[in-house]
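Written below as structure tokens is the structure these notes are about.
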Amino acid sequence: MNQYQAFYQRIDKALQNDQLRRNFRSAMDGIRERRLAQFPDDRELQTLRFQAKGIRNRSLSRQAELLERLETKLTENGIQVHWAETPLQANARIHEILEAEQATSVVKGKSMVSEETDLNHYLEQRGIEVIESDLGEYILQMAQEPPSHIIVPAIHKNRFEVAELFQKFHPEQPYTDDVDELTGCARQVLRKKFAYADAGISGVNFAVAETGTLCLVENEGNGRLSTTAPRIHIAITGIEKVVEKLSDVPPLLEILTKSATGQPITTYFNMISRPRQPGEKDGPEQVHLVLLDNGRSRIRNDDELLDTLRCIRCGSCMNHCPVYVHVGGHAYGTTYPGPIGILLEPQRLGIDKVGSLTSACTLCGACGEVCPVRIPLPKLINRLRAEAVEATPGDNGVPGTGALRSRSEALIWKLWKQIYTRSRIYSAFKYLATRLRHIKPPISNGWTRYRPIPTPSSKPLSELARQQGYDDE
Amino acid sequence: MNQPDQIYFFGTCLIDLLYPKAGLAGMALIKRQGVKVIYPANQSCCGQPAFNSGYRQEALAVARAQLNCFPNDYPIVVPSGSCAGMVKHHWPELFAGQPDESQAIAAAQRTYELTEFLVDVLKLKLKDLGQPTRIAIHTSCSARREMGIADRIDSLIAQLSNVQVVEQAHKTECCGFGGTFSIKQPDISGAMVEAKCEALLATGAESVISQDCGCLMNISGSLEHQQRELPTQHVAEFLLQRITGEGK
Ligand code: SF4
């Protein structure tokens, strides 16, 4: 099965699922409204977006130097830094850390980078118990499903579906589909895990080079518990998350939480700067940071596509995407769904693997309009479409360029070019199309599945304009 | 900008072949203001279909063939948000580094979408001679976001005293056309346009007006396929009918 067929199958499955579509529609409507309520003044929003973009650009342009500084600072603070080029290296490194400390159980806070590396499976296969402590992630762990959204990972499930899962996995608890009661039930289960887990694994939202501080944004307190209760804390993140200064954090944090969930600030904001010090009563004895590349350095090679790395993973682009709202996150089949997924995943995994994602976009611009760091998502997605059908020379660029070029499609565009660049051929084409307009070409494609082939007018505008006396120069 | 003596009308391939009445109406609206309208004979297409499919060489060739159609520095008026957006925002990108880059940029800078031109340049005043009616406006994504001119169609229609505008749910959401998207991702496109039609039908509007024929082709096609009754019309035709009292 080629990647298009697999993609179409996932899309078909999503579109057939009315419940799923209703869940996404109502969740996205709610989240859009909450975001908008946080930005009553458009001018202020635009100022903040420019500021956030500027901060991220500055960080990216000096990334190598900042990463070095980050490592020095973290090391000074007693946090151990590990570099990983590939997902496998990151997983192996984390496993080594756990093994060295005879750690056999892990609680995890939400981390998309660990989804990127499929860390849970890697550790579980090696006999380590991994418990997701973010409520959404915990639900998905029971359901054995990947996240369908980067911020609200179980958003595709409604409370009745969640209630069923709880009943199946926790038959000792009385059935409830009340959200608060379900949350209470999860809390009881998870609290015990926090108490005995050997290690906590979390993501990072911003890594501050100036001070060696790891910032973690969350709403449930599970991030704080995972990073403080167990004796080992391992944070994992992408190298692009580094920012220069502590003063860069407040503007980014503000626009992140407002854009993501429509909150002025999240319930918890953690700043982790060192392991437990002598005389301190709590906190982990060891703190590690794993910095993953996984294709990010390669993205830097292209001046235009570099903008991809500004992303602060707020999820706003998918919340506002008209395609995402109809098919949901799983249809994309990649770790990151929605517009940022369409842009990032082909660059990370290759056009030859997931380049078909670029077709799932109408270029409507809704994502680019809300992106807090002003990534020109539609423009870059369109750029990837060009990469998909035109191989670029050299091996520095997007992997698998040209992989989706098909002879028949290329031929159609050649023909199209011939017609539309030569006015005599174009006139002849229009003459035939209008005079023979009731003869429908025997085309059956995706368009005709939902709409008839449009009928040409009896005469083209060019002829009518002349007849009505409009000059042609 | 002051009212120019003459303009070029760039009709676009879709209007040329499928919706010439919309083009003629747009030209008439401008001509009525005493501006000479030139319809260059050799124009064809802005290049957008190929550009949005990744075939940039072909898009460039077709876009380049248009440059010679607009030799003088008259404004270029395009009765479509997405084609105007292509010229204005993507020609500079497409022609970057080409020998005729500056010519393309100059063309981009004097390109206007029709409603934008009617409001900003001609400062068009309208007197409604039509019967009372209720309409829904569908603004294309390119007009709304790329061009940032969603309010122009609204302000033109607001001048019509007998026209009541009703608002559909998810008004700002894409209709699912997206050019070749509708062929490459037919099922998503189909689901999107069905949702759009449902929202439009639910308003009880008597017709749907838009500044983009791509959206109209998509929406009217889906309505026909579903055997639902809801006329659609390009804004130029609608405005002309209202101020001349012709049509309904
Ligand atoms: S691309 Fe922009 S909108 Fe999308 S997740 Fe990243 S920062 Fe948020």
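In what follows, chains are A, B, ... by sequence order, proteins preceding strands, each numbered from 1.
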Original post:
When you check the side-chain N and O atoms of B:His90 and B:Glu146, is any donor under 3.5 Å from an acceptor?
Top reply: yes

Original post:
At a heavy-atom separation under 4.5 Å, does B:Gln6 approach chain A through its side chain, its backbone, both, or neither?
Top reply: neither

**OP:** For chain B, find which of A:Ala388, A:Cys364, A:Ala14, A:Gly365 contributes the most heavy-atom pairs closer than 4.5 angstrom.
**Re:** A:Cys364

Original post:
Considering only heavy atoms, which portion of B:Ala195 lies under 4.5 Å from any heavy atom of chain A: side chain, backbone, both, or neither?
Top reply: side chain

Original post:
Which bit of B:Pro71 comes within less than 4.5 Å of chain A, counting heavy atoms only: side chain, backbone, both or neither?
Top reply: neither

Original post:
Pick from A:Glu387, A:Lys459, A:Arg437, A:Glu369: which one has the most heavy-atom pairs with chain B under 4.5 Å?
Top reply: A:Glu369

Subject >> Among B:Gly178, B:Ala65, B:Ser53, residue most engaged with chain A (heavy-atom pairs, under 4.5 Å) >> reply: B:Ser53

Subject >> Top contributor to chain A contacts, counting heavy-atom pairs under 4.5 Å, from B:Ala59, B:Ser142, B:Ala191 >> reply: B:Ala191

Original post:
Tell me, side chain or backbone of B:Glu224 under 4.5 Å from chain A's heavy atoms, or both, or neither?
Top reply: side chain

Subject >> Donor on one side chain, acceptor on other, A:His326 and A:Arg21, under 3.5 Å >> reply: yes

Original post:
With a 3.5 Å cut-off and no angle check, do the side chains of A:Tyr324 and A:Asn319 form a donor-acceptor pair?
Top reply: no

**OP:** Using a cut-off of under 4.5 Å on heavy-atom pairs, state which of B:Thr172, B:Ile15, B:Ile188, B:Leu223 scores highest against chain A.
**Re:** B:Ile188

Subject >> Contact winner vs chain B - A:Arg451, A:Glu473, A:Arg32, A:Arg405, heavy-atom pairs under 4.5 Å >> reply: A:Arg451

**OP:** Sort B:Ser222 into side chain, backbone, both or neither according to what part of it lies under 4.5 angstrom from a heavy atom of chain A.
**Re:** both

Subject >> Engaged part of B:Tyr8 at the chain A interface, taking heavy atoms whose separation is under 4.5 Å >> reply: neither

Original post:
Above 12 or not: heavy atoms from other molecules or residues under 6.0 Å from CD of A:Gln468?
Top reply: yes

Original post:
What part of B:Asn218 gets closer than 4.5 Å to chain A, counting heavy atoms only: side chain, backbone, both or neither?
Top reply: both

**OP:** State whether a side-chain donor-acceptor pair under 3.5 Å links B:Gln66 with B:Ser44.
**Re:** yes

**OP:** Indicate whether any N or O donor in one side chain lies under 3.5 Å from an N or O acceptor in the other, for A:Tyr431 and A:Glu463.
**Re:** no

**OP:** Identify which part of B:Cys13 has an atom lying under 4.5 Å from any heavy atom of chain A, answering side chain, backbone, both or neither.
**Re:** both

Original post:
Is it true that atom CG of B:Asn72 has more than 12 heavy atoms of other residues, nucleotides or ligands lying nearer than 6.0 Å?
Top reply: yes

Subject >> chain A contact via B:Gln226 - side chain, backbone, both or neither, heavy atoms under 4.5 Å >> reply: neither

Original post:
Which one of A:Ala360, A:Ala331, A:Ala433, A:Pro378 has the most heavy-atom pairs closer than 4.5 Å to chain B?
Top reply: A:Ala360

Original post:
Does atom CZ of B:Arg228 have more than 12 heavy-atom neighbours from other groups under 6.0 Å away?
Top reply: no

**OP:** Count the heavy-atom pairs under 4.5 Å between each of A:Phe7, A:Trp413, A:Trp447, A:Tyr420 and chain B, then report the option with the highest count.
**Re:** A:Trp413

**OP:** For the pair B:Glu113 and B:Arg152, evaluate salt bridge (charged side-chain N to carboxylate O under 4.0 Å, His left out) and give the outcome as yes or no after the intermediate values.
**Re:** CA-CA 10 Å; B:Glu113 185 274 338; B:Arg152 309 302 199 282; over 6 Å; no

Subject >> Segment of B:Thr180 engaging chain A (4.5 angstrom heavy-atom cut-off) >> reply: side chain

Original post:
Does any heavy atom of chain B fall under 4.5 Å from the side chain of A:Leu363, the backbone, both, or neither of them?
Top reply: side chain

**OP:** Just do the side chain to side chain contact (heavy atoms under 4.5 Å, CB included) check on B:Thr232 and B:Leu200 with the steps written out, would you?
**Re:** CA-CA 11 Å; B:Thr232 61; B:Leu200 289 166; over 6 Å; no

Subject >> Most chain B-contacting option - heavy-atom pairs closer than 4.5 Å, from A:Gly368, A:Cys361, A:Ser427, A:Ser458 >> reply: A:Cys361

Subject >> Top contributor to chain A contacts, counting heavy-atom pairs under 4.5 Å, from B:Lys31, B:Glu194, B:Glu93 >> reply: B:Glu93

**OP:** Apply ring-ring contact (aromatic ring centres under 6.0 Å, His included) to the pair A:Tyr4 and A:Tyr8, showing each step before the final yes or no.
**Re:** CA-CA 6 Å; A:Tyr4 260 109; A:Tyr8 289 146; 5.6 Å; yes

Original post:
What are the two closest non-hydrogen atoms of B:Asp212 and B:Ser80, and how far apart are they?
Top reply: OD2-OG, 3.2 Å

**OP:** Give, as side chain, backbone, both or neither, the part of B:Lys21 having an atom under 4.5 angstrom from any heavy atom of chain A.
**Re:** neither

Original post:
Does a donor on one side chain sit under 3.5 Å from an acceptor on the other, for A:His156 and A:Ser148?
Top reply: yes

Subject >> Any donor-acceptor N/O pair, B:Lys196 side chain to B:His170 backbone, under 3.5 Å >> reply: yes

Subject >> Residue, of B:Leu24, B:Asp16, B:Ile183, B:Leu18, that accumulates the most heavy atom pairs under 4.5 Å with chain A >> reply: B:Asp16

